[in-house]
Amino acid sequence: QVQLVESGGGSVQAGGSLRLSCVASGFTYNTYCMGWFRQAPGKEREGVAAIVAGGGITYYADSVKGRFTISKDNAKNTLYLQMNSLKPEDTAMYSCAAAAAFCGSDQRFYKYWGQGTQVTVSS
């Protein structure tokens with residue numbers, strides 16, 4: 001019954017923006033750390049951003065600090081990733097995930113995963 005469904009990916013030119021969404025169901029969403037991960041072809045999956053269950057503390061990979069913003073709407077069971085000033089190196093499959101006990105960039109913390117949404121940045 002646990003489900004995480006991402007949306008909002010697409011193809012944009014460098015410098016553009018996208019907002020990803022992740023709708024969660026089947027678990028107590030508001031008690032979990034939520035994170036965004038990405039994986040580009042030929043590369044390992046990496047943590048992009050995370051937000052603690054309380055929503056007041058966030059974590060970002062150095063590569064996206066100042067450009068990406070993670071947020072959540074508990075009323076909608078939805079996680080967001082606002083991505084601005086996109087670069088070609090941001091091209092990847094982006095997945096959302098939920099961690100029950102810890103919060104951060106280590107994928108080992110995360111229990112539930114979505115299928116992902118593709119982000120492609122050209123130029």
Side-chain angles (χ1 to χ4, degrees):
Q1 63 179 340
V2 171
Q3 193 169 18
L4 299 172
V5 181
E6 302 94 336
S7 62
S11 182
V12 299
Q13 292 187 335
S17 298
L18 286 172
R19 189 181 74 158
L20 307 183
S21 299
C22 171
V23 179
S25 61
F27 66 100
T28 51
Y29 165 84
N30 62 358
T31 69
Y32 280 70
C33 165
M34 299 296 297
W36 287 99
F37 292 78
R38 66 186 182 186
Q39 187 168 25
K43 296 183 178 180
E44 296 183 358
R45 184 164 57 190
E46 63 176 340
V48 175
I51 184 166
V52 299
I57 302 174
T58 56
Y59 303 92
Y60 296 96
D62 288 342
S63 60
V64 307
K65 286 180 179 177
R67 299 189 298 119
F68 291 10
T69 302
I70 188 171
S71 62
K72 62 190 299 190
D73 185 338
N74 286 341
K76 296 181 178 180
N77 281 7
T78 302
L79 177 74
Y80 301 99
L81 184 67
Q82 179 66 47
M83 305 185 294
N84 298 326
S85 301
L86 283 162
K87 304 175 181 179
E89 50 262 46
D90 295 319
T91 295
M93 180 72 72
Y94 284 72
S95 300
C96 65
F102 297 96
C103 200
S105 62
D106 193 331
Q107 64 182 302
R108 294 176 295 178
F109 297 162
Y110 292 83
K111 184 177 182 179
Y112 304 125
W113 293 83
Q115 301 92 343
T117 185
Q118 179 67 38
V119 171
T120 302
V121 184
S122 62
S123 298

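Numbers here simply count residues along the sequence, with the first being 1.
Scanning both residues, Leu81 and Ala49, for their nearest heavy atoms gives CD1-CB, 4.2 Å. Of all heavy-atom pairs spanning Thr78 and Ser21, the tightest one is CG2-CB, 4.3 Å. Closest heavy-atom contact between Gly104 and Tyr110: O-OH, 2.6 Å. Across Ala92 and Ala40, no two heavy atoms sit closer than the pair CB-N, 3.8 Å. In this structure, Arg67 and Asp90 approach most closely via the heavy-atom pair NH1-OD2, 2.7 Å. Contact detail for Ser17 and Asn84: the closest heavy-atom pair is OG-OD1, 2.9 Å.
Placement of Val2 and Leu79 within a single hydrophobic cluster is found when ILVMFWY residues are connected by side-chain heavy-atom separations under 4.5 Å, directly or transitively. A continuous path of ILVMFWY side-chain contacts below 4.5 Å connects Val48 to Tyr32, so both sit in one hydrophobic cluster. Following chains of ILVMFWY side-chain contacts shorter than 4.5 Å, one cannot reach Met34 starting from Phe109, and the two form parts of different hydrophobic clusters. Leu4 and Ile51 end up in the same hydrophobic cluster when Ile, Leu, Val, Met, Phe, Trp and Tyr side chains are linked at under 4.5 Å. Phe37 and Tyr60 are assigned to two separate hydrophobic clusters, defined by single-linkage of ILVMFWY side chains at heavy-atom distances under 4.5 Å.
Here the SG atom belonging to Cys22 is positioned 9.0 Å from the CD atom belonging to Gln115, to the nearest 0.5 angstrom. Note: Leu18 CG to Gln82 CD = 8.5 Å, rounded to the nearest 0.5 Å. Summarising the geometry, atom CD belonging to Gln39 is positioned 8.5 Å from atom CD belonging to Glu44; distances are rounded to the nearest 0.5 Å. Rounding to the nearest 0.5 Å gives a distance of 14.5 Å between OG of Ser123 and NZ of Lys87. For the atom pair CE (Met93) and CZ (Arg45), the distance works out to 11.5 Å, reported to the nearest 0.5 Å. In this structure, SG in Cys33 is found 7.5 Å from OH in Tyr59, a value given to the nearest 0.5 Å.
Salt bridge present: Asp62 and Lys65 bring a charged side-chain N and a carboxylate O closer than 4.0 Å.
More than 12 heavy atoms of other shown residues, nucleotides or ligands fall within 6.0 angstrom of atom CD in Glu89.
In this structure, Lys72 is positioned above the aromatic face of Tyr29, its NZ or CZ under 6.0 Å from the six-membered ring centre and within 45° of the axis.
Formation of a donor-acceptor pair under 3.5 Å by the Glu6 side chain with backbone atoms of Gly116 is found in this model. Side-chain N or O atoms of Ser105 include none that pairs as donor or acceptor with a backbone N or O of Gly47 at under 3.5 Å.
Residues Lys111 and Phe27 fail the side-chain proximity criterion, which asks for heavy atoms closer than 4.5 Å. With a 4.5 Å cut-off on side-chain heavy atoms, Arg38 and Ser63 count as touching.
Partners of Lys43 under the salt bridge (charged side-chain N to carboxylate O under 4.0 Å, His left out) rule, at least two apart in sequence or in another chain, do not exist in this structure.
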message: I'd like to know whether Thr91 forms a side chain to side chain contact (heavy atoms under 4.5 Å, CB included) with Gln118, so could you lay out the CA-CA distance, the side-chain angles of the two residues, the decisive distance to 0.1 Å, and finally the verdict.
response: CA-CA 8 Å; Thr91 295; Gln118 179 67 38; 4.0 Å; yes
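Under the 6.0 Å cut-off for aromatic ring centres, Phe68 and Trp36 do not qualify, their centroids lying 6.0 Å or more apart.
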